[in-house]
Student: 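Following this message is one structure expressed as structure tokens.
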Amino acid sequence: MKINFTEKQFKALLDLAFLGEWMANSTRSHDDRFADYDELFQYICSHAKDMGCADIVTYDSELNGYYPTQEYEDQMHAIIDDNDDHVFWEKLSANLAKRDLDREGGTFESLDDRFLRLLEIEEKYETEFEDNGLANVVIKEDN
């Protein structure tokens, strides 16, 4: 099978490959990485020069691989950072809401009622964090 890409489509593919490989492997040790994703990213990068993207991917003969330029990586990390921030606040609100719901210990007539209560608590946290960030978050000392 052969797939043809315009330069614009290839650049978008490269962006998605970078972001996907980063999400899958950035927190993993060398031995725990998804090798298939590394290999696919390298394969896509190997076509960058032919597809007009030589300015964002370079080949390092000492490391025997293709690597994004610092400028390109910085552009992609802006997207990653925005996503990380969004996920942080969303997960923090969701986890605190789950904790609070468990602490309430109430019973619900249906799963829908439980879910609505969870959303209600979560919304309280979302509003707090939107208004104040972490300014009002404290860790209680055990006495």
Side-chain angles (χ1 to χ4, degrees), residues 3-60 62-143:
I3 301 174
N4 295 313
F5 291 99
T6 65
E7 285 185 20
K8 182 178 178 181
Q9 289 171 325
F10 182 82
K11 168 66 168 63
L13 175 66
L14 189 61
D15 292 351
L16 290 172
F18 179 91
L19 294 169
E21 193 281 329
W22 175 268
M23 199 285 287
N25 284 327
S26 67
T27 60
R28 297 181 177 277
S29 68
H30 179 72
D31 296 336
D32 195 31
R33 293 174 65 84
F34 291 103
D36 290 351
Y37 298 161
D38 282 331
E39 290 170 16
L40 182 58
F41 183 66
Q42 286 296 307
Y43 178 74
I44 292 168
C45 288
S46 74
H47 295 281
K49 183 177 181 182
D50 295 335
M51 294 301 296
C53 295
D55 59 327
I56 60 176
V57 174
T58 59
Y59 182 77
D60 187 319
E62 289 181 27
L63 297 173
N64 192 32
Y66 292 91
Y67 296 92
T69 63
Q70 188 63 54
E71 182 179 346
Y72 177 70
E73 201 165 322
D74 290 346
Q75 291 171 4
M76 293 295 98
H77 278 283
I79 296 169
I80 291 166
D81 291 346
D82 284 345
N83 183 70
D84 287 349
D85 286 345
H86 178 78
V87 169
F88 170 78
W89 293 111
E90 192 173 271
K91 295 227 14 121
L92 182 60
S93 295
N95 288 338
L96 290 171
K98 287 176 191 170
R99 179 205 62 188
D100 290 357
L101 186 65
D102 289 344
R103 284 182 178 173
E104 285 180 359
T107 58
F108 299 93
E109 291 184 27
S110 70
L111 286 176
D112 285 344
D113 289 343
R114 184 182 193 287
F115 183 69
L116 289 173
R117 177 62 182 137
L118 181 66
L119 290 179
E120 183 180 292
I121 299 169
E122 194 171 328
E123 186 176 319
K124 175 186 76 167
Y125 282 112
E126 288 171 354
T127 300
E128 170 62 30
F129 296 142
E130 285 173 15
D131 293 347
N132 301 303
L134 295 173
N136 293 330
V137 174
V138 296
I139 296 178
K140 296 187 325 185
E141 296 290 330
D142 289 335
N143 293 331

Student: Please set out all donor-acceptor pairs under 3.5 angstrom arising from side-chain atoms of residues 90-98, sequence neighbours excluded.
Tutor:
from  : atom 1 : to    : atom 2 : distance (Å)
Glu90 : OE1    : His86 : NE2    : 3.1
Ser93 : OG     : Trp89 : O      : 3.1
Asn95 : ND2    : Lys91 : O      : 3.3

Student: Listed by chain and number, what are the side-chain contact (heavy atoms from CB on, under 4.5 Å) partners of Thr27, not counting sequence neighbours?
Tutor: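 Thr27 satisfies side-chain contact (heavy atoms from CB on, under 4.5 Å) with no residue once adjacent residues are dropped.
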Student: Test salt bridge (Lys or Arg N to Asp or Glu O under 4.0 Å) on Asp102 and Arg114; report intermediate values, then the result.
Tutor: CA-CA 11 Å; Asp102 289 344; Arg114 184 182 193 287; 3.6 Å; yes
Student: Go through the structure and list residues passing ring pair (Phe, Tyr, Trp, His ring centres under 6.0 Å) with Phe34, not counting sequence neighbours.
Tutor: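 With neighbours one apart ignored, the set is Tyr37.
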Student: My understanding is that only residues two or more places apart in sequence, or in another chain, count here; which of them pass ring pair (Phe, Tyr, Trp, His ring centres under 6.0 Å) with Phe88?
Tutor: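 So Phe88 forms no ring pair (Phe, Tyr, Trp, His ring centres under 6.0 Å) with any residue.
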Student: Let me check something: any side-chain donor-acceptor pairs from residues 40-57 under 3.5 Å, sequence neighbours excluded? List them with distances.
Tutor:
from  : atom 1 : to    : atom 2 : distance (Å)
Gln42 : OE1    : Tyr66 : N      : 2.7
Gln42 : NE2    : Tyr66 : O      : 2.9
Tyr43 : OH     : His47 : NE2    : 3.4
Ser46 : OG     : Tyr43 : O      : 2.5

Student: Looking at Asp131 and Lys124, is any side-chain nitrogen of the basic one under 4.0 Å from a carboxylate oxygen of the acidic one?
Tutor: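 No, Lys124 and Asp131 are not salt-bridged.
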Student: Could you work out, with side-chain hydrogen bond (donor to acceptor under 3.5 Å, both in side chains) as the rule, every residue matching Arg103, not counting sequence neighbours?
Tutor: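 In terms of side-chain hydrogen bond (donor to acceptor under 3.5 Å, both in side chains), with neighbours along the sequence ignored, Arg103 is linked to no residue.
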Student: Apply side-chain hydrogen bond (donor to acceptor under 3.5 Å, both in side chains) to Asp74 and list each qualifying residue two or more places apart in sequence or on a separate chain.
Tutor: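 Only Gln70 meet the side-chain hydrogen bond (donor to acceptor under 3.5 Å, both in side chains) criterion with Asp74.
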Student: Asp85: which residues meet the side-chain hydrogen bond (donor to acceptor under 3.5 Å, both in side chains) condition with it, sequence neighbours left out?
Tutor: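 Applying side-chain hydrogen bond (donor to acceptor under 3.5 Å, both in side chains) to Asp85 gives none.
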Student: Measuring only between side-chain heavy atoms, which start at C-beta, is Phe108 closer than 4.5 Å to Leu118?
Tutor: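 SC-SC contact between Phe108 and Leu118 ruled out.
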Student: Kindly state each residue pair satisfying side chain to side chain donor-acceptor pair (under 3.5 Å) with at least one member in residues 132-141, sequence neighbours excluded.
Tutor: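 As it turns out, the side chain to side chain donor-acceptor pair (under 3.5 Å) pairs with a partner in residues 132-141, which skip direct neighbours, are Glu128-Asn132, Glu128-Asn136.
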Student: Check whether any side-chain N or O of Arg33 sits under 3.5 Å from a backbone N or O of Asn25 as a donor-acceptor pair, and report yes or no.
Tutor: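 Yes: the side chain of Arg33 pairs with the backbone of Asn25.
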Student: Asp113: which residues meet the salt bridge (Lys or Arg N to Asp or Glu O under 4.0 Å) condition with it, sequence neighbours left out?
Tutor: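 So Asp113 forms no salt bridge (Lys or Arg N to Asp or Glu O under 4.0 Å) with any residue.
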Student: Mind checking what makes side-chain hydrogen bond (donor to acceptor under 3.5 Å, both in side chains) contact with Glu122, not counting sequence neighbours?
Tutor: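 Glu122 satisfies side-chain hydrogen bond (donor to acceptor under 3.5 Å, both in side chains) with no residue once adjacent residues are dropped.
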Student: Not counting sequence neighbours, which residues clear ring pair (Phe, Tyr, Trp, His ring centres under 6.0 Å) with Tyr72? List them please.
Tutor: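 Here the qualifying residues are Phe18.
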